[in-house]
Amino acid sequence: MLGLMSFFNALRRRPQPLLRSLACLLLASFAGPVTAQGAHADPYAFTVADQAFLSQFTLKQLPPLPSAPGNLQADNPAAAELGRVLFFDKKLSANGEISCAHCHQPERAFTDGLSVPQALGKGRRNTPSLLGAAYSPWQYRDGRKDSLWAQALAPLLDENEHGMTRQNVVAVIEENYRQDYEAIFGPLSSVSQVFANVGKAIMAYERLLIPGASKFDDFVDALAEPASKRAVLSANFSSQEVKGLRLFVGKARCASCHNGPLFTNSEFHNVGTPEADVQSVDLGRYSGIEGLREDEFSCLSAWSDAAPEQCLELKFLKRQGPELVGAFRTPSLRNVALTAPYMHAGQFKTLEEVVAHYNKPTPPFYDRQQHPSRPHFDITPLGLDEKERSALVAFLKSLSSKELTH
Amino acid sequence: MTWRVVVALSFTALTLLSPSRLVAQAHNVMSQGHHKLLEADSTAKQAREAIKQSNKVRKALGRYRYELSQSDTAEAQSTLRQAISDHTLQLHHWEAQGLKLRQDSAVQKTESLKLLRAGMIANWSSWISQPGPLRGAELTSPLDNRSHNSPQRSVHRNMPTPRSDTELQSAEGMSLQVSALAGQQLPEGLDTGSFSVSRQRKIFAHIELIQDRSQFVPINQLHRWRLILSSLDGEAITDGQVRFGGHMPGHVHGLPTQPIIEAGSAPGVYEISGVKFQMGGWWVIELELETSVGSDSVRFNVVL
C-alpha cells in the first residue's frame, strides 16, 4: 500500500523522471534501507546525514551565552533578580501603569499581540520577543543598540513608552531598591551611572530568557534513536509538519537566514515587506547605524564596563552600503506562533500571510526623495503551492516551546 | 679523505640547507612561475589574434558565398569557388590554431600558478598552514560545491520563474533536499583556491583562516584571516594598504561587517580581523591593494 502511494506521489511530482519513481516504488515495497531516492515515499524516513544536518537547529546545539564585556553583572544572579523585579515594576513609568512587561508579555513569548506597541503612546515598530535575545549582537529591529542593557534604557525615556527621565528612574531605585542595588553595584553614584546600571540589571534578567524545547527539538532528537524506537515519531510530529520541515530547509529557503538553534542569523535583510507608512519610510538598518553612532550607552561609552578593544562588533561595524537601506534584523522563529502580528511593523496578521509574502514577494517601496539609495532586495519567489504553504505554516507552529523559558 | 675535504663538503651542505639559500630557491621558483605566467599571457594573446583572424576569414567566406550565389558567369564562379576553397582551409587553420593556443595558455597558466604557489609556500612556510581552499563547516553546507541551475536574479520586477523541485539536490546520504548555495549558480570550474594572482599581474596572494576555534570558516561569528602578499618574484610586500570587500553573486548584499587589515608579524604577512559571513553559499572576496608595486586588486572565491 505504502509502495503504491509512493508511486502515485512520485508521479505527481512532475520533474521526477519515471525511473526514479520506479526506484522509489521498489525501495518502499522492500522496506529496505533508507536512501535519498526512497525518501519521498515516507516523509518520516530520515537518514543519519539528515539527522546530523537537522541537529544544527536544535536547542541542544545552542552555545553558552555570549560573553558580555560591557556588563560585569550580566551573569550575577542577584542582578538578574533585581532586573526581574524592575522588568515587571509599573512604577518605572510616568503614569505608574507601564512596565517592560506591558509590551513584553511572558505568556505571549514576551510580545504584545499588537501590530505596533501601545503604551503611553503608539510605537512605530512591532514588539520583538525577548526569548534568546541575549544571543544577538544587535538589539531592536534596526540594531541601533549593541547590548541588552543599552536597549533596556531607551524605552524608559521614550515619551510613547514609559515616559520617564533619568532622574525619575534613579528616584524609583533610591526609594524602593536601594539595598538590592547597592549590594550589586555599590553605593548610589551619578544619575547616569545608576540609570545605566538599571539597564544592566534588566539585562541580567533577560539573559535568562532562553526559549524552551519544542516538538521540533524532540523530533530531531528522536531521529538519533534506533529505528525501532522511531515508531512513535509520527504520533508527536504530524506528516504535515514533517513536510513543512523539509520545505523549510529546502525549497522555501527559509534556512538561508533563519539558521542555527534560534532560527536566526541576527543580521539585517530587506525582504520587501510592504512599507507601513509611505509618507515616512522606515530606513531600518541604515538608521540603526546612525543610532549606534549616537548612542550614549554603547559598548564604547563611558558607562560600559568593556575596554574599547572588546567592542568587536562596533569595531567592525558596516557603516555603509545599499543593503542597509530598509533592512531589518532576522527574528528568531522559536515561538513564532505566539508572536503575531508579524514583520517589523506588524504588517501581516497571520503566518499564512507571511508565507504568502515570501512565496510571491513584492519589491521594496522606493521613493527617491526619502531613500538614500534604492533599497536592496534579497528574496525571490518560491513557487510553493497551497498545500506546501500550509505544510510550512504547520512546521512553523511546531517551534513553540513546551514551556516558554528554558 | 682529508679533513679539508670534509670541512669543505659540510660547508657546502650547510650552504645548501641554509635558510637564505632556501629563500633564494623559493624566489627562484616564484620567478619561474612569473615567467611562465607571462608566457601564458602571451600565448593567450596569440590565441585571441588567431581567433580574430578566423573571424575575419569566416566573414570573407560568407561574402564569397553570397557573391557566388549572385554570380552568373562561369569564369567568376570558378574564381569564387577557388577563393572559397582557399578560405575554408584558412578558416580551419586559424580555428585549430586559436583552440590550440588557448589550450596551451591554460596549461601554462596552471603550471605557472603551481610554481607561484609552491614558491610562496616554501617562502612563508611558518605562516602557511592551510594551502587548500577555505571551507565552511560541513553541516552548514552539505552540498559543497554543487549547485542548482536556476538563473538567479535577486532584484525586483523581472523576477525569475518560480523554482521547481529539480533545482534542489540531495547531498550524499541525505533525503532532505537542501536548497543549495542559497540559490546561487556556481560557474563550472570555479577556482576556489586560496592562492590568487592579482588582476594587473603585480601581486601573488594567499588567504587562510586563523584557527582560533575550528578549522572551518564559521557562519555568524567574527573571525580572523591571514593574508600573504608577495610580488610575482617572491619579494614580500610589506607596505600594502588593503581594503577588504566581498559580496555574494546573485544576492545584492555584501559582507555584514567592515573587516580591518593590519600588518602581521613578518614581512608580507597581514592579519584580517572582523570577517563575518551571515549566510553559507558562494562569496567573492575582493582585496583592493595599494602597494609599492602599484595599485591592484585580487579576488578569491569562497564557497561555504
Side-chain angles (χ1 to χ4, degrees), chain A residues 13-16 34-40 45-50 52-56 137 245-246 249-253 255-257 259-260 265-270 272 312-313 315-323 327 330 359-361 363-364 374 376-384, chain B residues 137-142 150-183 219-223 244-245 247-248 250-260 272-281:
Chain A
R13 303 173 66 84
R14 242 181 323 111
Q16 291 264 3
V34 177
T35 66
Q37 279 76 17
H40 298 299
F46 286 94
T47 64
V48 175
D50 291 335
F53 177 77
L54 291 175
S55 68
Q56 67 177 310
L245 163 60
R246 289 182 179 275
V249 298
K251 187 177 177 183
R253 294 202 229 156
S256 289
C257 297
N259 50 34
N265 61 359
S266 295
E267 282 296 335
F268 302 86
H269 300 273
N270 189 335
L312 293 178
E313 292 285 353
K315 183 177 175 187
F316 303 118
L317 180 66
K318 184 191 184 91
R319 293 172 189 275
Q320 51 192 356
E323 63 265 54
T330 312
N359 197 40
K360 206 170 180 187
R374 184 181 281 281
H376 152 73
F377 182 37
D378 208 22
I379 57 172
T380 47
L382 301 171
L384 302 176
Chain B
E138 222 163 323
L139 280 184
T140 55
S141 58
S150 74
Q152 195 65 27
R153 294 264 333 230
S154 49
V155 193
H156 76 102
R157 298 179 198 278
N158 21 11
M159 287 182 182
T161 48
R163 298 146 38 82
S164 71
D165 290 354
T166 46
E167 292 161 1
L168 296 162
Q169 298 180 5
S170 293
E172 198 57 41
M174 279 179 80
S175 78
L176 285 170
Q177 292 193 308
V178 177
S179 176
L181 285 167
I219 302 283
N220 294 336
Q221 276 174 32
L222 290 170
H223 61 279
F244 189 96
H247 69 280
M248 292 186 89
H251 292 236
V252 197
H253 63 75
L255 293 161
T257 57
Q258 183 57 60
I260 293 175
I272 306 173
S273 49
V275 187
K276 190 180 193 178
F277 297 104
Q278 76 273 44
M279 284 166 88

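Quick note on labels: first sequence line is chain A, next is B, and so on, each numbered from 1. Side-chain atoms are counted along with the backbone in the values below, which use heavy atoms only and exclude waters and symmetry mates.
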Novice: Listed by chain and number, what are the salt bridge (charged side-chain N to carboxylate O under 4.0 Å, His left out) partners of A/Lys315, not counting sequence neighbours?
Specialist: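 Testing A/Lys315 for salt bridge (charged side-chain N to carboxylate O under 4.0 Å, His left out), a comparison that skips the adjacent residues, returns none.
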Novice: Quick check for you: to the nearest 0.5 Å, what is the distance between A/Cys257 atom SG and B/Gln278 atom CD?
Specialist: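 The distance works out to 7.5 Å.
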Novice: Before giving the answer on side-chain contact (heavy atoms from CB on, under 4.5 Å), spell out for A/Asn259 and A/Gln56 the whole-Å C-alpha distance, their side-chain angles and the decisive distance to 0.1 Å.
Specialist: CA-CA 8 Å; A/Asn259 50 34; A/Gln56 67 177 310; 5.6 Å; no
Novice: So what's closer than 4.5 Å to chain B heavy atoms on A/Asp50: side chain, backbone, both or neither?
Specialist: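 Both backbone and side chain of A/Asp50 come within 4.5 Å of chain B.
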Novice: Kindly indicate whether the side chain of B/Met279, heavy atoms from C-beta on, has any atom under 4.5 Å from the side chain of A/His269.
Specialist: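 Side-chain contact under 4.5 Å: yes.
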Novice: Are any non-hydrogen side-chain atoms of B/Lys276 and A/Phe316 less than 4.5 angstrom apart?
Specialist: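 No, too far: nothing below the 4.5 Å cut-off.
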Novice: Please state whether the side chain, the backbone, both or neither of B/Leu222 comes within less than 4.5 Å of a heavy atom of chain A.
Specialist: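 It is the side chain, since no backbone atom gets that close.
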Novice: Where on B/Pro259 is there a heavy atom nearer than 4.5 Å to chain A: the side chain, the backbone, both, or neither?
Specialist: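 Only the backbone of B/Pro259 comes within 4.5 Å of chain A.
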Novice: Considering only heavy atoms, which portion of A/Leu312 lies under 4.5 Å from any heavy atom of chain B: side chain, backbone, both, or neither?
Specialist: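 When you check distances to chain B, atoms from both the backbone and side chain of A/Leu312 fall under 4.5 Å.
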Novice: Quick one: what part of A/Gln320 sits under 4.5 Å from any heavy atom of chain B, side chain, backbone, both or neither?
Specialist: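 Contact with chain B involves no heavy atom of A/Gln320 at all.
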